[in-house]
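Data block below; observations after.
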Amino acid sequence: MTTGEKLAALRKRKGITQERLSEILKVSRQSVSRWEMDAAFPETDKLIKLSKLLECSIDFLLNDALEEDRLTGIALREPSAEDCARFIRECGYFFLATCADGSPGLRPMGMLYADERALYFATDKRKSLYGQLMGNPQVALASYNLYTRKWIRISGCAKEESSLEIREAMLNLYPVIRQEYTNQDEIFFVIFKLTPENVTIN
C-alpha cells in the first residue's frame, strides 16, 4: 500500500473530505488529491500534522512495506470479530448497552471470547440482563483504551449460543466461570453470540 493509498484510506475512515483536509493543512484541495494519487508528496511539516490528525506514525505513512500495524491496521480494513475482541481485551473491560421496555440499560462487563465470525459474552439466566436480551436482542458494546485514547463501538443482534465448543472455549479462557458454576448452578450459565453489524474504531 502506497503513502497516497494510506492517506486516502485513513482520511475516509476519519470522515474527513479532501476539501476539509486541505483547509486544516492550509494547502489546496488539488495538493491533497495529488498526494493521494502519489503524484506528489507532502512536505515534512505536513507529514507531521497528517500523522497526528490521522493517528498513525510517520514511519507507517512512508514505508510501503508496512501494510498494517496493531492499531492502524484495524483502521484501514474492516475489523474482524477477533480484532474487536483483541482491542477490548487490551482495554480490560467493555460496556454492554441494552434496551428493554423502552428503557436503556448499561452495564460493565469483562469476559469476552471471539472466533472469526462473532463475539461471545456470558451471563446468568437469573439476571435481568438475560430477560432484556431475550426481549430485545439489539445491543451495543463499547470500550475505551486509556493508554491509546482509542475507543470501539460495536452494534448487532445478540442470540443465545448453544455450541458446546464455544462453551468449552469460554470456560477455558475464563476458569473463574467454571469455579462459579458447579453442579446444579450450571443450568443458569448462558452464552450470547454477537455478530457485529456495525463497528467504529476511533
Practice task
For E82, check salt bridge (charged side-chain N to carboxylate O under 4.0 Å, His left out) against everything at least two apart and list the hits.
Solution key: none
Exercise for the section: Return yes when atom CZ of R34 has more than 12 non-hydrogen atoms of other residues, nucleotides or ligands closer than 6.0 Å, and no otherwise. Expected result: no
Fill in the blank from the handout: Paired with M109, the side chain to side chain contact (heavy atoms under 4.5 Å, CB included) test is passed by just one of I88, L141, L129, namely L129
Tabulate below the donor-acceptor pairs under 3.5 Å that side-chain atoms of residues 190-202 make, not counting sequence neighbours, or state none.
none

Practice task
Salt-bridge test for K14 and E55: reply yes if a basic N is under 4.0 Å from a carboxylate O, no otherwise.
Solution key: yes
Completion exercise
Residue set satisfying side chain to side chain contact (heavy atoms under 4.5 Å, CB included) with A169, at least two apart, ordered chain then number -> Y113
Practice task
Could you pull out all residues at least two apart from R126 that satisfy side chain to side chain contact (heavy atoms under 4.5 Å, CB included)?
Solution key: D124, Y181, D185, F188
Practice task
Using the test side chain to side chain contact (heavy atoms under 4.5 Å, CB included), find all partners of D115 that sit at least two apart in sequence or belong to another chain.
Solution key: R117, A118, Y120, I166
Exercise for the section: Hey, could you give me each pair passing ring-ring contact (aromatic ring centres under 6.0 Å, His included) that has a residue in residues 5-32? Not counting sequence neighbours. Expected result: none
Problem - Non-hydrogen side-chain atoms of F189 and L171 separated by less than 4.5 Å - result: yes
Problem - Spacing of R11 atom CZ and I16 atom CD1 [to the nearest 0.5 Å] - result: 8.5 Å
Problem - Transitive ILVMFWY cluster of Y144, excluding itself - 4.5 Å side-chain cut-off - result: Y93, F95, L106, L146, W151
Problem - Spatial distance of atom CG (L7) from atom CG (L10) [nearest 0.5 Å] - result: 7.0 Å
Fill in the blank from the handout: Rounded to the nearest 0.5 angstrom, the OG-CZ distance for S80 and R86 is 6.5 Å
Handout entry: Side chains of F87 and I154 in contact at under 4.5 Å (non-hydrogen atoms)
Key = no
Problem - Side-chain touch M134/K125, heavy atoms, less than 4.5 angstrom - result: no
Problem - Which atom of R89 lies closest to which atom of L112, heavy atoms considered - result: NH2-O, 3.4 Å
Exercise for the section: List the atom of C91, the atom of S143, and the distance in Å for their closest heavy-atom pair. Expected result: CB-OG, 3.1 Å
Exercise for the section: Would you confirm whether T98, through its side chain, and V139, through its main-chain N or O, come within 3.5 Å as a donor-acceptor pair? Expected result: no
Exercise for the section: Answer yes if L50 and I58 sit in the same cluster of Ile, Leu, Val, Met, Phe, Trp and Tyr residues linked by side chain heavy atoms under 4.5 Å apart, and no otherwise. Expected result: yes
Practice task
Mind running side chain to side chain contact (heavy atoms under 4.5 Å, CB included) on E161 and R167 for me, showing each step along the way?
Solution key: CA-CA 8 Å; E161 175 62 46; R167 183 185 182 93; over 6 Å; no
Problem - pair T3-W35: side-chain heavy atoms closer than 4.5 Å - result: no
Handout entry: NZ/K12: more than 12 non-hydrogen atoms of other groups inside 6.0 Å
Key = no
Problem - R29: side chain to side chain contact (heavy atoms under 4.5 Å, CB included) partners, not counting sequence neighbours - result: Q18, E19, S22, S33
Problem - For D83 against P79, the heavy-atom pair lying closest together - result: OD2-CA, 3.6 Å
Fill in the blank from the handout: Applying salt bridge (charged side-chain N to carboxylate O under 4.0 Å, His left out) to E23 and not counting sequence neighbours gives R20
Practice task
For the pair S103 (side chain) and A100 (backbone), establish whether a donor and an acceptor sit closer than 3.5 Å, ignoring hydrogens and angles.
Solution key: no
Fill in the blank from the handout: Rounded to the nearest 0.5 Å, the OG atom of S51 sits from the CG atom of L61 at a distance of 7.0 Å
Practice task
List in chain and number order the residues that pass side chain to side chain donor-acceptor pair (under 3.5 Å) with R153, two or more places apart in sequence or in another chain; answer none if no residue qualifies.
Solution key: none
Problem - Approximate separation, where rounding is to 0.5 Å, of T2 OG1 and E36 CD - result: 10.0 Å
Problem - Test log, rule side chain to side chain contact (heavy atoms under 4.5 Å, CB included), inputs R107 and Q132 - result: CA-CA 12 Å; R107 63 202 39 82; Q132 290 172 5; 3.0 Å; yes
Exercise for the section: Any salt bridge (Lys or Arg N to Asp or Glu O under 4.0 Å) involving residues 170-180? Give me the pairs, sequence neighbours left out, ordered by first then second residue. Expected result: E168-R178
Problem - All pairs passing salt bridge (Lys or Arg N to Asp or Glu O under 4.0 Å) where residues 38-54 contributes a residue, at least two apart - result: none
Completion exercise
F94 and M111 have their tightest heavy-atom pair at CE2-O, 3.9 Å
